[in-house]
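Predicted model, so just to flag it, every value in this text is computed and none were measured.
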Amino acid sequence: MYDQQFFDWINSHHNEDPQALRLKYAGKTSDFDYAAAITQIECRRRFAGKLRSTLASFPHFFFPSLLAGEQSTGDMLAHYHADLSAEALTAVDLTAGLGIDCFALAAKGLKVTAVELDSRRAEALKYNADGMGMHIDVECDDCRNFIERQLTAGHHYDLAFIDPARRAGDGSRIYALADCRPDVLAMMPLLERFCTRLIIKASPMLDVAHTIASLPVRPQRLICLGSTSECKEIVAVIDFENETKETIISAVSIHNKGTASIYNFLRSEEAAQAMPAPGAPVKAGDYIYEPYPSLMKAGVFKLLARDYDLNIFTANTRLFYSETPKEFEGERYKVQAVYPYASRIIKRFKKEYGKINVAVRNFGMTADALRRKLGVDDGGSLRVYGLTDNRGERLLVVVAKA
C-alpha cells in the first residue's frame, strides 16, 4: 500500500507536531501522500499505548484514519476477546474496523474472516494482515448482506463477533442495544442460523439488566470489561446451542501487565444477599476500598462486602472500609483524617490541604462543586472523599493510596 519512502518520512518526522506538519506541507506534492503520512504520526502518538504490541509487531502498520484508531479495540482487550473463542476453529468479525480482534483470533490459530463496510478500512486491514504474516479473508460488505450470502451458500461459523455503533449519527451516546446499528436484536434470527457462538461488544453506557432483558436469546455471560481505571465495554456471550437459566455477570479488569481481575456473580445472588449491618464509624487508620470501574458497572455491592468482609457506608455511597487491610478488586486507601462537613472545617481546609484530589460519593454535590467550596486545587498524593456515612452524616475523608 505504501512504500519504504513513505515510512522513512514518517520515522524522520515522528517527533514533530502533526498540526504544524499539516500547515507546513499543505498544498505540497510528493511521490507519496503527505496527509496520510501525517495521520500515521498522529495515530502512533495517540494509540501507542493501546496498540503497543500491534505496532511493535509490524512497524509499517497503516491507519486509514484517526477515527479508525479511536474506534479500534486495544491489544489487551483483543487478547481477552480471543480467549472467549473456546473450541472455535472458524471465526468472523462482522464489524472488523481496524482488525485488532481479527489479528488476536488469527494468532490463536483460528481461520478468520473480517467483514468491513468501509472500503478504506477494509483495504488497510488486508494490507496490515499481510504485513503481519496473517491469512485473514477480508470482505468489504454490509454485515447483514454478508450473513445472508453465507447462509445461502450453506456456510456456518463457530464464532462471530459484532460491535454495533456506540454513538448515534449525530455523535450522541447510545443507551440501549435496540438503538445501535447494526440492529443486533433484529438480526438475531439470522445470527442464530449463521454461527454457534455470538459475541456482542457494546457500549459501556448500556444498562446491564436492560441489556440482558432485551436480548431475545439469553446470554451465558454478560461481561463488564475494562482496565483498572475505566470500563471499556459490555460484552454479551451467546451460545446458541446451549440454553442457560441465568446469565453469569463477570466484572473483568485488565491490569497494565495483561493480567486480569475477574469477579463472577448472579444477579439473583446479589438480590438475595442481606445488606451488611452498619459498622463502627470510619476513623483515621482505617482502609477505604473503591471497586474497579467494571465492578461498579456490573452492579454488585452486597456480595463484595460479604466476600471481602468489609463494612459499607451506605448502599448508595458504593465504597467499603475496614479496620485492617484486605485484598480487594479495586483501589485501596488508608484514611489520614475524618472531618464532619461543617463550615468551621471548610474555612480551614484549604490552609491544610491546598492541593488535593477531590471525589464525591452520595454527597449531594459534584466533585467540582466540592472543590470550589473547599477552595482547593486538584493534584498531589492525597484524595478527599466527600461521602455520606451509615449514620446519614456528610463527611470529608482524607486518604492516601495504600
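The aromatic rings of His60 and Phe7 lie parallel to each other, their planes meeting at an angle below 30°, with 60° marking the opposite boundary.
In this structure, Glu323 places its CD atom where only 12 or fewer heavy-atom neighbours from other residues, nucleotides or ligands lie under 6.0 Å away. Annotation for Glu243: atom CD does not count as buried by contact number, only 12 or fewer foreign heavy atoms lying within 6.0 Å. Sparse packing is recorded around NZ of Lys347, with 12 or fewer heavy atoms of other residues, nucleotides or ligands lying under 6.0 Å away. Counting heavy atoms of neighbouring residues, nucleotides and ligands inside a 6.0 Å radius, atom CZ of Arg193 does not exceed 12 of them.
Asp137 and His135 share a side-chain donor-acceptor pair at under 3.5 Å.
Checked by atom type and distance alone, the side chain of Ser294 never pairs as donor or acceptor with a backbone atom of Ser253 at under 3.5 Å. Of the possible polar contacts, one joining the Thr95 side chain to the Asp163 backbone as a donor-acceptor pair under 3.5 Å is found. Panel note: side chain Arg45, backbone Gln40; no donor-acceptor pair is recorded below 3.5 Å.
Checking each of Tyr321, Tyr308, Phe328 against Tyr289 for a ring-ring contact (aromatic ring centres under 6.0 Å, His included) leaves exactly one that passes, namely Phe328. For the ring-ring contact (aromatic ring centres under 6.0 Å, His included) criterion with Tyr341, the lone passing option out of Phe363, Phe349, Tyr385 is Phe363.
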Side chains of residues 296-305: which donor-acceptor partners sit under 3.5 Å, not counting sequence neighbours?
residue, atom, partner, partner atom, Å
Lys297, NZ, Pro204, O, 2.9
Lys297, NZ, Leu206, O, 2.8
Lys302, NZ, Glu270, O, 3.0
Lys302, NZ, Ala271, O, 3.4
Lys302, NZ, Gln273, O, 2.8

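Heavy atoms only, all atoms of each residue included: Pro293 and Cys231 are closest at CB-N, 3.6 Å.
Separation of the His255 and Tyr292 ring centroids falls under the 6.0 Å cut-off.
Relative to the six-membered ring of Phe313, Arg361 misses at least one condition, a distance below 6.0 Å or an angle of at most 45° to the axis.
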